[in-house]
Trainee: 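Quick one: the structure is below, and I'll ask about it shortly.
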There are 2 protein chains.
Amino acid sequence: MFRGGWGQHSWWQGKFRGCGYRITLGREAILDVLSKSDKHLSAEDIYTKVHSKYPNVGLTTVYRTLDVLVNLGLVFKSDFGDKRARYELAEGPKGAHHHHHLICTNCNRVIDYTDFIDEEIELLNRTEKGLSKKYNFKITNHLIQFYGLCSNCVGK
Amino acid sequence: MFRGGWGQHSWWQGKFRGCGYRITLGREAILDVLSKSDKHLSAEDIYTKVHSKYPNVGLTTVYRTLDVLVNLGLVFKSDFGDKRARYELAEGPKGAHHHHHLICTNCNRVIDYTDFIDEEIELLNRTEKGLSKKYNFKITNHLIQFYGLCSNCVGK
DNA sequence: GATACTATTGATAATCATTTTCATTAATAC
DNA sequence: GTATTAATGAAAATGATTATCAATAGTATC
């Protein structure tokens with residue numbers, strides 16, 4: 001079978017195979033779209049991009065693959081207040097670049113910020129440790145979002 | 001018109017009237033349910049409780065009222081990963097008691113915690129200030145959630 | 001209290017992202 | 001190559017939330 005231009009051993013394939021998942025054309029295409037975008041894509045966004053190049057990859061497969069990717073921890077799924085879920089790569093070939101979100105409640109614009117992250121992460125780690133112990137919770141992830149009005153909407 | 005047992009001038013009515021909203025039986029009943037629960041109720045939960053006492057209050061009204069309450073800032077709307085939105089009073093007669101959430105990704109159990117809150121809030125305030133300036137954003141709200149496995153699910 | 005004005009309401013239908021179903025196809029181990 | 005079984009697409013189903021619209025009920029004014 002023809003393999004696009006991704007090379008036989010992309011960074012994610014190890015983790016993928018290790019968990020018993022098969023490598024398929026559709027999955028490669030979906031991961032390719034995700035890794036080439038720095039936006040927060042909806043399932044439909046991804047479907048449109050993938051489908052234009054590989055018309056035999058359906059929307060269902062996009063949803064299913066995203067689900068697998070989220071479970072593997074390769075992709076983050078977020079909710080920004082419009083109805084659709086948004087997906088973004090958790091870690092790329094270059095490793096994770098962690099960020100948090102700033103969301104406009106009027107126009108739904110989303111800004112990624114990495115400022116202040118270090119301080120935040122440090123506090124989060126401490127908090128996580130405390131919460132884990134007190135509530136006997138195994139914490140695997142966190143979410144921090146700020147809501148408000150962006151520069152375009154604040155004057156309205 | 002008969003007014004349940006709520007008294008003519010509940011704590012929220014001022015804010016409500018001030019914004020030009022009318023006081024209706026349905027709205028009183030919905031606010032009563034919210035203020036008597038410390039859980040994270042779905043629209044359907046609230047509908048069930050209200051409807052059992054006032055059968056002529058419909059689900060549509062519950063959604064509409066919750067929408068108003070969220071816009072007024074009287075109620076917080078959150079998403080814990082199951083499909084339905086959850087609602088909880090932002091401030092009660094006794095004033096706000098701010099908390100954050102700890103969510104089990106397996107069984108969707110939600111724990112409110114208030115520990116560590118002070119430290120978190122302080123950092124958040126600093127971060128908010130910095131972000132506001134840098135991105136010219138008027139921040140009105142924030143969300144912090146930790147995800148993981150609760151004590152029941154961690155062994156599974 | 002009666003009247004006029006308009007917000008609010010309930011029942012129903014519509015919306016729309018996401019899931020299920022199920023027969024077919026294709027990746028992998030041998 | 002063959003067998004095994006995961007993965008797939010098309011279409012239908014799901015289910016929370018919204019829109020529609022005629023009927024009802026708060027509120028201000030007299």
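This one's a predicted model, so the numbers in the text were calculated from it and none came from an experiment. Below, chain A is the first sequence line, B the second, and so on; all start at residue 1.
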Trainee: What is the distance, to the nearest angstrom, from the CG atom on A:L25 to the P atom on D:dT8?
Mentor: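 These atoms are roughly 10 Å apart.
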Trainee: OP1 or OP2 of D:dG26 sitting under 4.0 Å from any side-chain N/O of B:R27?
Mentor: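 So the side-chain polar atoms of B:R27 never come under 4.0 Å of the phosphate oxygens OP1 or OP2 of D:dG26.
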Trainee: Kindly point out which of C:dA7, C:dT9, C:dT28 is positioned nearest to the side chain of A:R22?
Mentor: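 Looking only at side-chain atoms, A:R22 lies closest to C:dT28.
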Trainee: Is A:I103 reachable from B:Y135 through a run of I, L, V, M, F, W or Y residues, each pair having side-chain heavy atoms under 4.5 Å apart?
Mentor: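 No, B:Y135 does not connect to A:I103 through the hydrophobic network.
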Trainee: Taking the side chain as every heavy atom from C-beta outward, state whether B:H51 and B:V62 have any pair of such atoms under 4.5 Å apart.
Mentor: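 Not touching, per the 4.5 Å side-chain cut-off.
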Trainee: Between CZ of A:R22 and CZ of A:R17, what distance do you get to the nearest 0.5 Å?
Mentor: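 So the gap between those two atoms works out to 11.0 Å.
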Trainee: Rounded to the nearest angstrom, tell me the gap between atom CG in B:L41 and atom P in D:dT17.
Mentor: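 That distance rounds to 13 Å.
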Trainee: Take atom CD of A:E28 and atom P of D:dT8, then tell me their distance rounded to the nearest Å.
Mentor: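 Whole-Å distance recorded here is 11 Å.
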Trainee: Check whether any side-chain nitrogen or oxygen of B:T24 sits under 4.0 Å from OP1 or OP2 of D:dA25, and answer yes or no.
Mentor: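 For B:T24, the contact criterion (side-chain N or O under 4.0 Å from OP1 or OP2 of D:dA25) is not met.
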Trainee: Can you see whether A:E88 engages A:H99 through a side-chain donor-acceptor pair at a distance of less than 3.5 angstrom?
Mentor: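 A donor-acceptor contact under 3.5 Å links the two side chains.
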Trainee: Hydrophobic clusters here meaning ILVMFWY residues chained together by side-chain heavy-atom distances under 4.5 Å, can you tell me if A:L143 and A:I139 are in one?
Mentor: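 No, it is not one cluster - the side chains of A:L143 and A:I139 are not joined through contacts under 4.5 Å.
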Trainee: Assign a letter to each nucleotide of nucleotides 14-22 of chain C from its 5' end: B, base within under 4.0 Å of a protein heavy atom; S, sugar-phosphate only; -, no contact.
Mentor: ---SBBBB-
Trainee: Quickly work out the B:I23 CD1 to C:dT9 P distance and round it to whole Å.
Mentor: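 The answer, rounded to whole Å, is 11 Å.
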Trainee: To the nearest Å, give me how far apart CZ (A:R17) and C1' (D:dA7) are.
Mentor: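 Going from CZ in A:R17 over to C1' in D:dA7 covers 14 Å.
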Trainee: With nearest nucleotides of DNA chain C determined for B:F16 and B:P55 from heavy-atom distances, which residue corresponds to the more 5′ nucleotide?
Mentor: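 The residue whose closest nucleotide sits nearer the 5' end is B:F16.
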Trainee: Calculate the interatomic distance between B:I46 atom CD1 and D:dT17 atom C1'; express it in whole Å.
Mentor: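 Computing the B:I46:CD1 to D:dT17:C1' distance gives 14 Å.
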Trainee: Roughly, in whole Å, what's the span from CG in B:L66 to P in D:dT18?
Mentor: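 Taking atom P of D:dT18 as the reference, CG of B:L66 is at 10 Å.
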Trainee: Between atom CG of A:L102 and atom OG of B:S132, what is the distance when rounded to the nearest 0.5 Å?
Mentor: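 Reported to 0.5 Å precision, the distance equals 8.0 Å.
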Trainee: Keeping the roles fixed (side chain from B:S37, backbone from B:V33), state whether a donor-acceptor pair exists under 3.5 Å.
Mentor: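 Such a contact is absent between B:S37 side chain and B:V33 backbone.
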Trainee: Rounded to whole Å, how long is the line connecting atom CG of B:N56 with atom P of C:dT8?
Mentor: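 Whole-Å distance recorded here is 17 Å.
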